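Reading through the structure tokens given below for one structure.
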Number of protein chains: 2
Amino acid sequence: MPEHKVISFENIKVACKNCSLVTLCLPMSLTPEDVERLDAIVMRSRPLHRGDVLFQAGSRFRSLYVVKTGSVKTYTPSEEGGEQVLGFHLPGEIIGLEAIQSGQHTCSGKVLETSAICEIPFQRLEELSLAIPSLQHQMYRLLSKEIGQESEMLMLLGKRNAEERLASFLLSLSERFKKRGLSATDFYLSMSRHEIGSYLGLAVETVSRLFTRFQEESLLSAERKHVQLRDMEGLKAIASGQGSTSHTRRFP
Amino acid sequence: MPEHKVISFENIKVACKNCSLVTLCLPMSLTPEDVERLDAIVMRSRPLHRGDVLFQAGSRFRSLYVVKTGSVKTYTPSEEGGEQVLGFHLPGEIIGLEAIQSGQHTCSGKVLETSAICEIPFQRLEELSLAIPSLQHQMYRLLSKEIGQESEMLMLLGKRNAEERLASFLLSLSERFKKRGLSATDFYLSMSRHEIGSYLGLAVETVSRLFTRFQEESLLSAERKHVQLRDMEGLKAIASGQGSTSHTRRFP
DNA sequence: AGGGTTGCCTGATCCCGATCAAGCGACAAA
DNA sequence: TTTGTCGCTTGATCGGGATCAGGCAACCCT
């Protein structure tokens, strides 16, 4: 069926200007002509499937990757098979920024579900950003945003207890889904409990118990990967450390 | 004493090309002419003293700051007076990168000891980096480096126990001092135990106990702020999770 | 020098979350 | 259908590190 092939291929090759992510992704704040110039250097591959590796820690850095559909996790494989999850990436988010420095990836990227990924050769992007001031500006903002997000994560891991971490995580996902036009209260988790635990610095069992507890408290309902946030205010209270069951005494 | 004033003022106004940090800081890999161009936009103030605030969380972002001498901590002040330390910054390191994104500082910067700071108006730096490709490249690398370092910190906070954290912290300082031509094994800590604890996600008491334990194990000697690393290999073993007292079973 | 503050150290106790252990449902292959 | 595997859940126990409390030394201040 060559016809089918062509169709699915066309489906992948959505130009940036026609991509629904144009307001979230790199093209944000570029003129239509500049979007075309950016478009010319973007490479679009066939869809990847759950478990496919986007890049591996230690491999040479050539390109940044942007999630178009689906989701990706980045992680550092440790000796003895374990892994530390560093992040989950949704459509419009850019991956690989940490590798610019050394020219080598310091973490691996793996696809969590069937996903379409755009590849942007970094050297060409760098050249282009010299010619397009607003692209350079956008790059600086993107890199800076990543730094800010990791700082927030440092605070989460440094000072927050388990329930505060999970609540924050769910609210962060919620917000990101919302920005992408999806439901902020009803979504599917593409990552396992184990991966959530690794990301939040918690054991799987703790994550599981927290899901159970949150359900008992009517904060959400969860059935496997399907999550519905029922009480956003309650979750926000917990995430900000004002939860009723918090052990930390705020007013001695 | 106008004469004295002039001298100390001149002392501060070391041009980039004469600065000992030229190989660590932004000018790295720039041609002498380009260093002069960069030099023209750098602002150098009189020295700041312990406790002086460089910028405050929430204030408008205008400039990046580079430590010339001394040291700076960045932190997010939390309600109720507490603070979470996000980083310690030594000569040659750039501060404020997280604020590019929103145009507003998300953390505060405070000087830990008498320090000289260079201020670089970001808008002018951005313009200059359009004209100097190697400066743009250097900026990308710098931002990327920051991302990579924060990722390492995420791993530290997510997976390491208290002694692994403190050992890693001391070794990181050691390496950074070494790069600046100072002793890798004998140095002064400009930050308090409390600040170390906040940075590492530990209570002050734990940090203090660990210093004591490390001394008992002849890994180092510490008298208040003065630290001498005695057994680098031992510290490295602990930092990498191979310490003998580690609770985590690596080979079940 | 005296008196107050602050930073650091040490001991005792407690508790959150890791670890160990076991069972269960979903899903894939035989 | 059965069997095996994997992901998730739940229960029981343990311990690392937080918390509480007290004391000492250094370093302010006048």
Side-chain angles (χ1 to χ4, degrees), chain A residues 49-51 73 81-85 112-113 156-167 188-216 221-227 238 241 243 245-252, chain B residues 49-51 73 81-85 112-113 156-167 188-198 200-216 220-227 238 241 243 245-252:
Chain A
H49 300 98
R50 172 164 185 81
K73 74 166 172 183
E83 65 178 43
Q84 159 82 327
V85 174
L112 288 171
E113 61 191 313
L156 199 71
L157 293 179
K159 287 273 171 295
R160 302 303 194 175
N161 66 21
E163 62 175 24
E164 289 166 351
R165 292 183 201 187
L166 185 63
Y188 283 83
L189 301 173
S190 59
M191 68 294 291
S192 69
R193 302 285 194 266
H194 184 83
E195 288 162 336
I196 295 174
S198 172
Y199 179 60
L200 296 178
L202 301 172
V204 203
E205 295 91 331
T206 303
V207 174
S208 181
R209 269 183 261 268
L210 285 171
F211 269 112
T212 306
R213 198 200 303 174
F214 283 177
Q215 286 187 85
E216 287 165 1
S221 51
E223 199 184 341
R224 309 213 125 237
K225 308 258 178 215
H226 183 204
V227 174
I238 290 176
T245 58
S246 175
H247 66 293
T248 315
R249 205 163 317 158
R250 311 280 169 187
F251 307 103
Chain B
H49 300 97
R50 172 165 185 79
K73 74 167 173 183
E83 66 179 41
Q84 158 82 330
V85 173
L112 288 169
E113 61 192 312
L156 199 72
L157 293 180
K159 288 272 170 295
R160 304 302 196 174
N161 66 22
E163 64 176 21
E164 289 166 352
R165 293 183 200 186
L166 186 63
Y188 283 82
L189 301 173
S190 59
M191 71 293 290
S192 69
R193 302 285 193 268
H194 184 82
E195 287 161 337
I196 294 173
S198 171
L200 296 176
L202 302 171
V204 203
E205 294 91 329
T206 303
V207 174
S208 182
R209 272 184 259 268
L210 284 171
F211 269 111
T212 306
R213 199 201 303 174
F214 284 176
Q215 285 188 86
E216 286 164 2
L220 53 80
S221 52
E223 199 185 341
R224 307 214 127 237
K225 307 260 178 212
H226 183 207
V227 174
I238 290 177
T245 58
S246 177
H247 66 295
T248 316
R249 205 165 315 158
R250 311 281 168 186
F251 309 102

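On a predicted model such as this, the values are computed, not experimentally measured, just so you know. Below, read A as the first sequence line, B as the second, and so on, with proteins coming before strands; counting in each chain starts at 1.
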| Base-contact (B) and sugar-phosphate-only (S) positions in nucleotides 4-14 of chain C, heavy-atom cut-off under 4.0 Å, - elsewhere | ----SBBBB--
| Which residues satisfy the ring-ring contact (aromatic ring centres under 6.0 Å, His included) test with A:Y199, sequence neighbours excluded? | A:F88, A:F169
| task | Taking ring-ring contact (aromatic ring centres under 6.0 Å, His included) as the test, write out the residues that go with A:H226, two or more places apart. | result | A:Y188
Please give, in whole Å, the distance from [N] [atom2] to [X] [atom1]?
X	N	atom1	atom2	value
A:H226	D:dC8	NE2	C1'	17 Å
A:L166	D:dT9	CG	C1'	15 Å
B:L200	D:dG16	CG	P	19 Å
B:N161	C:dT19	CG	C1'	15 Å
B:R160	D:dG17	CZ	C1'	18 Å
B:L157	D:dG17	CG	P	13 Å
B:K159	D:dG17	NZ	P	14 Å
B:H49	D:dC28	NE2	P	14 Å

| query | Which heavy atom in B:E195 sits nearest to a heavy atom in B:K73, and how many Å separate them? | reply | OE2-NZ, 2.8 Å
| query | For B:E205, what residues pass the salt bridge (Lys or Arg N to Asp or Glu O under 4.0 Å) criterion, not counting sequence neighbours? | reply | none
| Candidate nucleotides D:dG17, D:dA18, C:dG17, ranked by approach to the side chain of B:A203 - the nearest | D:dA18
| said: Holding to side chain to side chain contact (heavy atoms under 4.5 Å, CB included), I want the full list of residues that pass it with A:S208, two or more places apart in sequence or in another chain. | reply: none
| note | side chain to side chain contact (heavy atoms under 4.5 Å, CB included) filter on B:V227, not counting sequence neighbours, yields B:F187, B:L189, B:F211, B:A222, B:L229
| Between B:K225 and B:E113, is there a salt bridge with N-O shorter than 4.0 Å? | no
| request: Using the test side-chain hydrogen bond (donor to acceptor under 3.5 Å, both in side chains), find all partners of A:T212 that sit at least two apart in sequence or belong to another chain. | output: none
| message | The criterion is side-chain hydrogen bond (donor to acceptor under 3.5 Å, both in side chains); which residues satisfy it with B:S190, sequence neighbours excluded? | response | B:S71
| remark: Rounding to the nearest 10°, end axes of the helix from C:dG4-D:dC27 to C:dA30-D:dT1 built from five pairs each make an angle of 40°
| request: Could you check whether B:G197 gets within reach of a base, just the sugar-phosphate, or nothing at all, counting any heavy atom under 4.0 Å? | output: nothing
